[in-house]
Amino acid sequence: MNDRIEKRIELAASVSRVWRALTDYHEFGKWFGVKLEGPFVAGQVSRGNITHPGYEHVKWEAAVQKMEPERLFSFTWYPYAIDPKIDYSKETPTLVEFRLEKTASGTLLVLTESGFDRIPSDRRLDAFRMNDGGWTQQLKNIEKHVAQTS
């Protein structure tokens, strides 16, 4: 198993449009499937509830690390933390990074999630597998979102 997930997608939208979809908490919530309590702020924890059918019981919590306008948005979180009976705060979170690059036809979005080697071994493979598939879907979601709302 790898320690990191990396996915790339070229979006037919400007860097500023993709940046807004990533960092405006209302827009992020629409394509990601989460109702957030407030804006993303570097150095603060973002909280909310997942709205994806079947996962409404899951609380969203991510510590915003960096917000370098139109270049890098990152946060840490506990991957595949869906069991309300488990206290995931004892684990080391993974780092999620969204990097943006201008291209001739729009924006290259590079998503990486790293740190899976620090997830407890009994749930590491499931967390990696579920997030790998989840990010594939989320990149399709943001692609559709920016195309509809440009």
Chemist: Restricting to non-hydrogen atoms, name the atom on A42 and the atom on M67 that form the minimum distance, rounded to 0.1 Å.
Modeler: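 Looks like N-SD, 3.9 Å.
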Chemist: CD1/I9 to OG1/T136 distance, rounded to the nearest 0.5 angstrom?
Modeler: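 Nearest 0.5 Å value for the CD1-OG1 distance: 9.5 Å.
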Chemist: Rounded to the nearest 0.5 Å, what's the gap from CZ on F116 to CZ on R124? Could you check?
Modeler: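 Here the rounded value is 11.0 Å.
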Chemist: Give the ring-plane orientation class for F75 versus W77, where under 30° counts as parallel, over 60° as perpendicular and anything between as tilted.
Modeler: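 Correct class here is perpendicular.
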Chemist: Can V41 be reached from L95 by stepping across I, L, V, M, F, W or Y side chains whose heavy atoms are under 4.5 Å apart?
Modeler: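 Result: no, two separate clusters.
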Chemist: For a quick test of reading the model, state the closest non-hydrogen atom pair linking F128 to R4 and the distance between them.
Modeler: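 Scanning both residues completely, I find the closest heavy atoms to be CE1-O, 3.6 Å.
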Chemist: For residues V96 and W135, determine if any side-chain heavy atom of one lies less than 4.5 Å from a side-chain heavy atom of the other.
Modeler: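 When only atoms from C-beta onward are counted, W135 and V96 do touch, with a gap below 4.5 Å.
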Chemist: When you group the ILVMFWY residues by side-chain heavy-atom contacts below 4.5 Å and let the links chain together, are V58 and V34 in the same group?
Modeler: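 Yes, V34 connects to V58 through the hydrophobic network.
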Chemist: Would you check if the side chain of Y88 reaches a backbone N or O of D83 as a donor-acceptor pair within less than 3.5 Å?
Modeler: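 Looks like yes, one N/O pair under 3.5 Å.
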Chemist: Taking all atoms of both residues into account, what is the closest heavy-atom pair of L109 and L100, and its distance?
Modeler: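 Nearest heavy atoms, L109 then L100: CD1-CD2, 3.5 Å.
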Chemist: For the backbone of A63 and the side chain of Q65, can you confirm whether one donor and one acceptor N or O come within less than 3.5 Å of each other?
Modeler: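 Side chain of Q65 to backbone of A63, a donor-acceptor pair under 3.5 Å: yes, one is there.
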Chemist: Out of curiosity, does V45 fall in the hydrophobic cluster containing Y25 (side-chain heavy atoms, cut-off under 4.5 Å, transitive links)?
Modeler: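 No: no chain of side-chain contacts under 4.5 Å links Y25 to V45.
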Chemist: Output, in order, the C-alpha distance, side-chain angles, deciding distance and verdict of side chain to side chain contact (heavy atoms under 4.5 Å, CB included) for N49 and K59.
Modeler: CA-CA 5 Å; N49 280 77; K59 301 279 186 211; 3.5 Å; yes
Chemist: Here's a test for you: under side chain to side chain donor-acceptor pair (under 3.5 Å), which of R99, E97, E6 qualifies with T112?
Modeler: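 Option passing the side chain to side chain donor-acceptor pair (under 3.5 Å) with T112: E97.
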Chemist: On a heavy-atom basis, which atom in D132 and which in K7 lie closest, and how many Å separate them?
Modeler: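 Looks like OD1-NZ, 2.9 Å.
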Chemist: Is it true that R118 and D3 have a side-chain N and a carboxylate O under 4.0 angstrom from each other?
Modeler: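 Salt bridge between R118 and D3, a charged N being under 4.0 Å from a carboxylate O: no.
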Chemist: Any carboxylate oxygen within less than 4.0 angstrom of a Lys/Arg side-chain nitrogen, looking at D126 and R129?
Modeler: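 Between R129 and D126 there is a salt bridge, with a charged N closer than 4.0 Å to a carboxylate O.
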Chemist: Angle class for the F32/F28 ring planes (parallel below 30°, perpendicular above 60°, tilted otherwise)?
Modeler: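 The rings of F32 and F28 lie parallel, inter-plane angle below 30°.
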Chemist: Hey, what do you get for CD (E27) to NE2 (H145), rounding to the nearest 0.5 Å?
Modeler: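 That separation rounds to 3.5 Å.
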Chemist: How long is the straight-line distance from OG1 of T103 back to CD of E10, given to the nearest 0.5 Å?
Modeler: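 The distance works out to 3.5 Å.
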Chemist: Less than 4.5 Å apart, any side-chain heavy atom of V110 and any of R8?
Modeler: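 Yes, close enough: below the 4.5 Å cut-off.
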Chemist: Could you check V18 against F98 for side chain to side chain contact (heavy atoms under 4.5 Å, CB included), going step by step and ending with a plain yes or no?
Modeler: CA-CA 10 Å; V18 177; F98 297 94; over 6 Å; no
Chemist: Could you tell me the separation between the OG1 atom of T23 and the CD atom of E70, rounded to the nearest 0.5 Å?
Modeler: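 The CD atom of E70 is 9.0 Å from OG1 of T23, to the nearest 0.5 Å.
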Chemist: Quick one: do M130 and I50 end up in the same hydrophobic cluster if we chain Ile, Leu, Val, Met, Phe, Trp and Tyr together by side-chain heavy atoms under 4.5 Å apart?
Modeler: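 M130 clusters together with I50.
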Chemist: Just checking E56: does its CD atom have more than 12 heavy atoms from other residues, nucleotides or ligands closer to it than 6.0 angstrom?
Modeler: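 Check passes, neighbour count above 12.
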Chemist: How close do P79 and A127 get, counting heavy atoms only, and between which atoms?
Modeler: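 Heavy atoms only, the tightest pair is O-CB, 4.1 Å.
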Chemist: Please name the pair of heavy atoms, one in A13 and one in R17, separated by the smallest distance, quoted to 0.1 Å.
Modeler: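 Nearest pair, atom of A13 first, then R17: CB-CG, 4.0 Å.
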Chemist: Answer yes or no: is there a side-chain heavy-atom contact under 4.5 Å between I142 and L22?
Modeler: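 Side chain of I142 against side chain of L22, heavy atoms only: contact under 4.5 Å found.
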Chemist: If you round to the nearest 0.5 Å, how far is CD of Q148 from NZ of K30?
Modeler: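 These two atoms lie 10.5 Å from each other.
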Chemist: State plainly whether one hydrophobic cluster holds both I82 and I5, where clusters connect Ile, Leu, Val, Met, Phe, Trp and Tyr through side-chain heavy atoms under 4.5 angstrom apart.
Modeler: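 Yes: a chain of side-chain contacts under 4.5 Å links I82 to I5.
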